[in-house]
Amino acid sequence: MMMEQINESKTYIEEQLSTTKPDIGLILGSGLGILADEIENPKVIPYADIPHFPTSTVSGHKGQLVIGTLQGQHVIAMQGRFHYYEGYSMQQVTFPVRVMKALGVEQLLVTNAAGGINESFNPGDLMLISDHINMMGDNPLIGPNVDELGPRFPDMSQAYSNELMKVAKSCAQEINLNLQEGVYVGNTGPTYETGSEIKLLRTLGGDAVGMSTVPEVIVANHAGMKVLGISCISNMAAGILDQPLSHDEVIETTEKVREDFIKLVKNVIKKMA
Ligand code: R1P
């Protein structure tokens with residue numbers, strides 16, 4: 001069933017494309033969809049038109065695929081992603097990653113807006129994700145394993161590719177960007193964390209926290225894709241500053257770092273093999 005759905009989505013997308021197939025995938029987080037506007041000769045496909053695709057319900061997530069070229073590379077970008085808290089299953093949340101792989105994508109760049117847990121971070125910083133902690137209490141691979149898609153017990157020891165991290169670090173240096181590095185904690189949301197939860201997550205080794213990314217990265221690893229992750233620290237998490245958190249603030253900060261974010265990602269894409 002799952003294979004059939006993947007193939008139907010893939011076929012639909014292929015039918016819309018006159019250009020070469022994409023080989024780099026991009027998932028653009030809250031407020032970061034703007035990057036897709038940089039894609040040349042774009043073919044835009046609304047999620048609503050693609051068979052079996054969920055639709056975006058969160059503000060700051062446009063809900064469309066943008067396929068074209070960026071820095072001479074063939075890319076497919078999700079301008080908006082799906083979250084578990086929207087009521088979608090883990091399999092629905094990660095379905096687009098399966099479709100990207102079926103289309104030939106071997107490298108995935110995931111981005112998100114995240115709250116800073118590490119007190120040396122500042123809102124507006126960009127953080128290279130070196131690893132993640134799954135606190136979502138669920139996993140997209142639960143259920144019968146589809147062997148054509150990947151192994152029953154996938155290795156996650158290099159969930160975020162060391163090779164791609166090196167590329168990102170050297171790109172950041174080139175553009176004089178102070179790129180932070182750390183561990184992303186994935187929670188379900190939709191509530192932001194309490195101050196006590198943030199203290200706990202800090203003790204566990206988390207540097208940033210959000211409500212996405214982890215399921216997508218699990219599926220990408222299952223599928224044998226290489227992953228690079230970048231978080232935009234949109235605010236400091238609860239208990240650090242004495243101010244309430246809001247999604248409006250998250251979007252506002254991502255708008256402020258837009259330029260750095262676009263510069264870094266474009267540079268990285270250019271250097272991806
Ligand atoms: C909360 O403000 C929203 O921003 C982040 C959180 O996960 C949550 O959806 O969005 P992305 O992770 O999609 O960037």
Side-chain angles (χ1 to χ4, degrees), residues 25-36 47 53-66 77-88 90 92-97 108-117 121 123-129 132-138 140 160 180 182-194 197-198 201 206-220 227-238 240-241 243-258 260-262 264-265:
L26 284 158
I27 302 183
L28 303 172
S30 288
L32 302 170
I34 189 80
L35 186 88
Y47 295 157
F53 250 62
T55 48
S56 286
T57 69
V58 187
S59 79
H61 291 259
K62 253 190 179 167
Q64 56 192 27
L65 288 180
V66 184
M78 287 183 72
Q79 215 172 15
R81 61 149 58 86
F82 309 116
H83 306 84
Y84 192 52
Y85 64 75
E86 291 174 80
Y88 294 125
M90 281 276 166
Q92 285 174 303
V93 165
T94 54
F95 184 73
V97 179
L108 184 67
L109 204 166
V110 285
T111 69
N112 58 54
I117 298 177
F121 291 175
D125 280 352
L126 295 177
M127 181 192 92
L128 187 60
I129 307 179
H132 74 219
I133 299 176
N134 181 6
M135 294 291 277
M136 297 179 113
D138 201 349
Y160 299 81
Q180 307 283 12
V183 175
Y184 176 90
V185 181
N187 274 342
T188 62
T191 43
Y192 291 116
E193 299 68 29
T194 64
E197 284 164 348
I198 292 303
L201 297 179
D207 295 294
V209 62
M211 310 167 194
S212 69
T213 304
V214 166
E216 296 152 1
V217 173
I218 290 174
V219 164
V227 177
L228 179 71
I230 298 171
S231 290
C232 165
I233 305 300
S234 49
N235 52 269
M236 294 315 285
I240 299 178
L241 304 174
Q243 63 190 46
L245 306 178
S246 77
H247 189 58
D248 289 343
E249 187 198 351
V250 168
I251 302 286
E252 247 171 62
T253 312
T254 53
E255 276 166 13
K256 280 188 207 145
V257 297
R258 187 176 280 184
D260 281 348
F261 176 73
I262 291 177
L264 177 67
V265 173

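Numbering of residues begins at 1 and proceeds along the displayed sequence. Start at 1 and go down the list; that is how both ligands and their atoms are numbered.
Shown in contact with H83 at under 4.0 Å from a heavy atom are these atoms of ligand 1, numbered in order with element: 9 (O), 10 (O), 11 (P), 13 (O). Which parts of ligand 1 touch N112 is read off a 4.0 Å heavy-atom cut-off, strictly below it: atoms 12 (O), 14 (O). Atom numbering of ligand 1 starts at 1 in the shown order; those under 4.0 Å from a heavy atom of S212 are 7 (O), 11 (P), 12 (O), 13 (O). Atoms of ligand 1 lying under 4.0 Å from any heavy atom of G29, numbered from 1 in the order shown and given with element: 14 (O). Atoms of ligand 1 found under 4.0 Å from any heavy atom of S30 (numbered from 1 in listed order, with element): 3 (C), 4 (O), 5 (C), 10 (O), 11 (P), 13 (O), 14 (O).
Remark: side-chain polar atoms of N134 are paired, donor with acceptor, to backbone N or O of D138 under 3.5 angstrom. Between the side chain of Q92 and the main chain of P54, no donor-acceptor pair closer than 3.5 Å is present. Side-chain atoms of S234 do not come within 3.5 Å of backbone N or O of T253 as any donor-acceptor pair.
Using a 3.5 Å distance cut-off with no hydrogens or angles, the side chains of N112 and T213 do pair a donor with an acceptor.
At least one N or O atom of A113 sits closer than 3.5 Å to an N or O atom of ligand 1. Below 3.5 Å of separation, one finds no N or O of T111 facing any N or O of ligand 1.
Listed by chain and number, the residues in a side chain to side chain donor-acceptor pair (under 3.5 Å) with Q180 are D125 (sequence neighbours excluded). Applying the ring-ring contact (aromatic ring centres under 6.0 Å, His included) test to Y47 and every residue at least two apart in sequence or in another chain returns F53, F82.
Taking all heavy atoms of Y85, Y184, Y192 into account, the minimum distance to atom 8 (C) of ligand 1 is reached by Y85.
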